[in-house]
Trainee: 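The structure follows.
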Amino acid sequence: MWGRHRVSIALVASLAVASLALAETAPKLPRVRVLATGGTIAGAQASAGDYGYKSGEFKVEDLIKAVPNLDKLASMTGEQIVNIGSQDMNDQVWLKLAKRLNEVLAMPDVDAVVITHGTDTMEETAYFLSLVTKSDKPVVLVGSMRPATAVSADGPGNLYNGVAAAIDPEAKGRGVLVSLNDEIHYARDVSKTDTTSLQTFHSLNRGPAGLIHTGHPLWFQRPDTKLGTSSQFSVDKLEKLPRVDILYAHANMSPDLIDAAVKAGAQGLVIAGVGDGNMTTPALDAVTKAAKNGVVVVRSTRLPMGLVLRNNEVDDDKLGLVASGEMNPPHARVLLQLALTKTKDPKAIQQIFYSY
Ligand code: ASP
């Protein structure tokens, strides 16, 4: 009896030593903070067969809990920043989110951040954040095209891949990323291209930053434009952003909406031009007048791909305009808002468009 007891004491002691050693050698999970902002990924339908739904119904804790095996990938914590459809995204939320993101990235116990967000304006938020984030730690925006209650909801898989991308050592220094439907994209290059398809995000000019399958990323080329710690822009002292409007060009475009935007207080205008950033002669006259009065006008394009070239069909030097290069109208608007926090000189802003 006494002998058996001695054996079991020895067994317990050796097990305790072994588990202590295991705890010491077991690799620690990366620590990921989710900043949740709403969107379809947090959306709920009235019934599973119904295609109507409301964005931003579920809280960050529900999103994390809904992903099988996420706790084996990373040690997860979450914060709710807002809970909105991203069609309601605005400058105030951007500033709040960007400031909090910088605080969280500076925390020694956070290795990476994943932001859940609606897909409608995801490319704009991602690009804004990529220009004002003061850290090399990975930041990945994740959303979904189907609400959380849908049959085959894509949110949990996208969140799993988003976390896997964020904790991958190769993600460091790539700036803010967007991950959906097994792809990873740079904030600067990505556009939403389809109203409802799961395969909606494309980097039309440059291609994706990488692919990701069941948590295993394969990375492509590194970014070669300014972002993150190499960006000159900061939200630290900003309480608001300059107003920049986008106007869509078409046959028979009148100058009226351009004049109205200037009158309403726009400090910058982005024209979603036809072709290579073109517009009717009356519209071009109106933007030239606006530029002479100190409004910075960027010519972008309503086309999904290609560059808007400086001094090609339009004499930007003479008219005082800026050519958007690769920037589509939503990206151009973000960059112009931030550029206007530094300068109102269209030549300096053209240089900014060349390097960001
Ligand atoms: N309207 C939604 C949003 O942007 C769409 C989505 O998340 O997919 O919030």
Side-chain angles (χ1 to χ4, degrees), residues 34-67 78-98 100-101 113-130 139-163 165-166 176-185 187-204 208 212 246 304 328-331 333-334:
V34 177
L35 302 183
T37 70
T40 297
I41 192 166
Q45 298 152 291
S47 79
D50 201 349
Y51 71 70
Y53 69 94
K54 196 163 175 278
S55 284
E57 288 288 281
F58 291 102
K59 300 251 161 55
V60 63
E61 300 80 30
D62 306 322
L63 302 185
I64 295 172
K65 261 191 268 155
V67 186
E79 279 178 43
Q80 196 76 43
I81 304 293
V82 285
N83 211 354
I84 57 174
S86 75
Q87 56 270 42
D88 274 326
M89 190 48 68
N90 61 43
D91 294 354
Q92 285 317 309
V93 178
W94 275 355
L95 290 172
K96 178 180 174 186
L97 176 63
R100 183 61 189 152
L101 176 63
V113 172
V114 168
I115 299 174
T116 54
H117 195 287
T119 59
D120 288 355
T121 58
M122 186 179 280
E123 67 203 75
E124 295 169 57
T125 300
Y127 190 44
F128 178 76
L129 295 176
S130 82
V139 178
V140 181
L141 268 77
V142 167
S144 75
M145 292 301 287
R146 294 181 184 150
T149 52
V151 175
S152 277
D154 52 329
N158 287 342
L159 187 51
Y160 186 87
N161 277 342
V163 171
V176 173
L177 300 159
V178 166
S179 181
L180 257 94
N181 210 34
D182 294 354
E183 293 189 350
I184 309 166
H185 296 269
R188 174 187 186 276
D189 301 334
V190 71
S191 304
K192 185 175 182 181
T193 65
D194 191 298
T195 53
T196 52
S197 166
L198 300 191
Q199 186 47 30
T200 186
F201 281 98
H202 289 279
S203 295
L204 290 159
I212 179 156
I246 300 175
N328 70 7
H331 285 84
R333 194 184 83 90
V334 168

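Both counts, for ligands and for their atoms, begin at 1 and track the order of listing.
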Trainee: Any donor and acceptor pair, going by atom type alone, linking the side chain of Asp189 with main-chain N or O of Ser203 inside 3.5 Å?
Mentor: no
Trainee: Below 4.0 Å, non-hydrogen atoms only: which portion of Ser86 touches ligand 1? Side chain, backbone, both or neither.
Mentor: both
Trainee: Ignoring hydrogens and geometry beyond distance, is a side-chain donor-acceptor pair present between Thr149 and Tyr53 at under 3.5 Å?
Mentor: no
Trainee: Using a strict cut-off of 4.0 Å, indicate which atoms of ligand 1 neighbour a heavy atom of Gly39.
Mentor: 7 (O), 9 (O)
Trainee: What do you reckon, does Ser55 put a non-hydrogen atom under 4.0 Å from ligand 1?
Mentor: yes
Trainee: Scan Asp120, Thr37, Thr40, Asp88 and name whichever one has a side chain to side chain contact (heavy atoms under 4.5 Å, CB included) with Ser55.
Mentor: Thr40
Trainee: Examine distances only and state if a side-chain atom of Thr193 and a backbone atom of Phe201 form a donor-acceptor pair shorter than 3.5 Å.
Mentor: no
Trainee: Just which atoms of ligand 1 are under 4.0 Å from any heavy atom in Ser144?
Mentor: 6 (C), 7 (O), 8 (O)
Trainee: If you have a sec, work out which protein heavy atom is nearest atom 2 (C) of ligand 1 and how many Å separate them, to one decimal?
Mentor: Thr40 OG1, 3.4 Å
Trainee: From the options Lys192, Gln87, Met89, select the one whose nearest heavy atom is closest to atom 3 (C) of ligand 1.
Mentor: Gln87
Trainee: Taking distance alone, with N or O pairs closer than 3.5 Å, would you say Tyr53 contacts ligand 1?
Mentor: no
Trainee: Heavy-atom contact check, 4.0 Å cutoff: does Gly38 meet ligand 1?
Mentor: no
Trainee: What are the atoms of ligand 1, with element, lying closer than 4.0 Å to any heavy atom of Gly85?
Mentor: 9 (O)
Trainee: If you measure every N/O of Thr121 against every N/O of ligand 1, is any gap under 3.5 Å?
Mentor: no
Trainee: In the structure I gave you, are the side-chain heavy atoms of Glu79 and Arg100 within less than 4.5 Å of one another anywhere?
Mentor: yes
Trainee: Verify, without hydrogens or angle tests, whether Asn83 (side chain) and Phe58 (backbone) share a donor-acceptor contact under 3.5 angstrom.
Mentor: yes
Trainee: Has Gln80 got a side-chain atom pairing as donor or acceptor with Val60's backbone, closer than 3.5 angstrom?
Mentor: yes
Trainee: Report the nearest protein non-hydrogen atom to atom 8 (O) of ligand 1: residue, atom name, distance rounded to 0.1 Å.
Mentor: Thr119 OG1, 2.5 Å
Trainee: Is there a side-chain contact between Ile81 and Lys96 in this structure, where contact means two heavy atoms from C-beta onward sitting under 4.5 Å apart?
Mentor: yes
